[in-house]
Amino acid sequence: MNSAELELTYTALAECVARVGEAKASLLLATLALDLLSRQPDADSALSHILQAERLANT
Amino acid sequence: MNTAASLPSKVPVLIAGGGPVGLSLAALLAHHGIPCLVLEADASWCEGSRAICLSRRSLEILGWVGADGPVTAKGLPWVGGRSYFRGAEVLHFEMPSEPAERFAPMVNIQQYYIEQFAHAAAVRAGGVDVRWSTRVSAVRPQASGVDVDCQSENGRTHRIHADWLVACDGGRSTVREQLGLLLEGMQYEGRYVIVDIEQDTRRPVERLAWFDPPSNPGSTILMHRQPDRVWRVDYQVADHEDPAEAVKPENVLPRVQAHLDMIGETAPWKPLWISIYNAKCLTLPRYRYGRVLFAGDAAHLVPIFGVRGLNSGLDDAGNLAWKLALVQQGHAGDTLLDGYSSERVLAARENIAFGAKSTEFMAPPHHGFALLRAAALRLALVAPGVRSLINPRQTSPVEYVNSPLNQPDQGAFTGGARAGMPAPEARLRTSQGAGHLTALYGSEFVALYFSNNPRLPDHVQRAAEGSAVAALRLVRVSAHGEPDLRTVVDELGQAWQRYDAAEGTLYLIRPDGYVMGRWREAASARMDIDRVLERTLKDLR
């Protein structure tokens, strides 16, 4: 994905989060994350993304 | 300083507003031989630094009237910047830059210096009358011009008839209000306090940004160095803060002190100027209303992030000056000015689109953008691929897609700059020594003929003798040999490469340095520049 496509994606997700509202934002993002994680080649790879996200969220 | 005493009753061009755009436009019009009167409500150049980042393109435009030298002598050049999330660097960006370039991609300088140097250039060019402390109070468009009432300091009203009125009177334009015109678009809620402070520093000149810094948790802070030992500090205020309270020194100074402490700037300092700002994405739908034209903030308001405000205003002036001059001198039909409007409205819409993107990052307008920014900043610590999201998207010249002036390519080009794009820069050798191609632009039309043969084909030779329609200068770009008054030597091959030139390629460059048309093999195409100019300028009449 080039930087223009990344920017488009960023904006689309931000607008989507705003549309569903704060109460449903976690569900939206969990659904999205699970969908993308299920396309990882294996569980090790998926788990490393989960742990990285946990570490960054606690930053 | 001249005020309203002995104002003329009739002028060819009246410019409402003597800010950086109005004064630059006056200098540019004078350079093209059009006298003008500038009316400015304030008593002199502006107070406070205001717009401080001049782009390379703006420096080129100021160069057309010789105002580039004083700006670069005073200003601080820079090429890149750094962004930090809390304590960690998450972005280091650099704008395009090359050795021995004519201008740095960006120069920081206080707006009052820009106004001063543009004013001096206008005076040098001759025929410009600047009146301070004189405000436009009424505008009455007529079929053959505009009647303008203005008030001098003593309250006396003067009536002036202008063939053309150009509104450069800023965001709260009186001319716009008098015509009953409204800006269209939207504003953002997020506010930034802008503070100038005086302090010695040894830090390099860069754009610096901190997201959620320990000095001011939750805020975003920007810093730019300016000449005269001045720092510009911008910081975001929380949504619940009252703007009137936010600019009080007792609320501003502790935040600045905390941040200076954090970054280790320990020299004594004092505040110089405090203001507040919120991002706006607004434009008039057109910039021409009969004999009234709009430029700069009077025409459009764009977000501060990406420095597209003053820079786009100077591009307005650079686009308008030569067209208004040709129309006023009877060399072109007045629809050429509709082209000013369509080209610069297109530019404003692009600037607004980029400015909105930057604002969504710098001052997130809702919970969705705030959440995504928090994620992007964290991810940037470990994933370089997302760092482009933090890039401030600095201003760059806009392509005039579908401009009525654009000529279709003749012959097959695989690169270079097509009609409607800014003509590329190149380092080359001129009869005056080492030079730059863009230094040739800004006065007349330029026919750039790429050839190693000093003998020009007959029809190209005719162009070299000038055009009956508009001022035209032919310059041969040779890959080798010696330069002379009409020949530049492209030893490095930059010009041939950047214009995708072959032997016999010809580019027609507009007086504002944009490509108007190009002919891959001008020698065999029997192209006739005079007819092209006739068709695009005169036949519009």
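Sequence lines set the chain letters: A, B, ... in the order given, protein chains first and strands last, and positions in each chain run from 1.
The CZ atom of B:Arg387 sits 14.5 Å away from atom OG of A:Ser3, with the distance rounded to the nearest 0.5 Å. We find the OG-CD distance between B:Ser388 and A:Glu5 to be 11.0 Å, quoted to the nearest 0.5 Å.
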Under the criterion side chain to side chain contact (heavy atoms under 4.5 Å, CB included), I'd like the reasoning laid out for B:Glu360 against A:Glu7: C-alpha separation, chi angles, the key distance, then a yes or no. CA-CA 11 Å; B:Glu360 284 159 5; A:Glu7 186 164 298; over 6 Å; no

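Interface residue A:Arg55: only side-chain heavy atoms are found under 4.5 Å from chain B. Residue B:Ala375: no heavy atom, backbone or side chain, is found under 4.5 Å from chain A. When heavy atoms are compared at a cutoff of 4.5 Å, B:Arg86 approaches chain A solely by way of its side chain, counted from C-beta outward. In this structure, chain A has heavy atoms under 4.5 Å from both the backbone and the side chain of B:Leu379. Heavy atoms closer than 4.5 Å to chain B are found nowhere in A:Ala53, neither backbone nor side chain.
Surrounding CD of B:Glu189 are at most 12 heavy atoms belonging to other residues, nucleotides or ligands under 6.0 Å away. Taking a 6.0 Å sphere around CG of A:Asn2, one finds it holds more than 12 heavy atoms contributed by other residues, nucleotides or ligands.
Under the 3.5 Å distance criterion, the side-chain polar atoms of A:Tyr10 are matched with a main-chain donor or acceptor of B:Arg373.
Exactly one of A:Thr9, A:Thr11, A:Leu13 qualifies for a side chain to side chain contact (heavy atoms under 4.5 Å, CB included) with B:Leu372. That residue is A:Leu13.
Scanning both residues, B:Val386 and A:Leu6, for their nearest heavy atoms gives CA-CD2, 3.7 Å.
For residues 363-371 of chain B, heavy-atom neighbours of chain A at less than 4.5 Å comprise B:His366, B:His367, B:Gly368, B:Phe369, B:Leu371, sorted by residue number.
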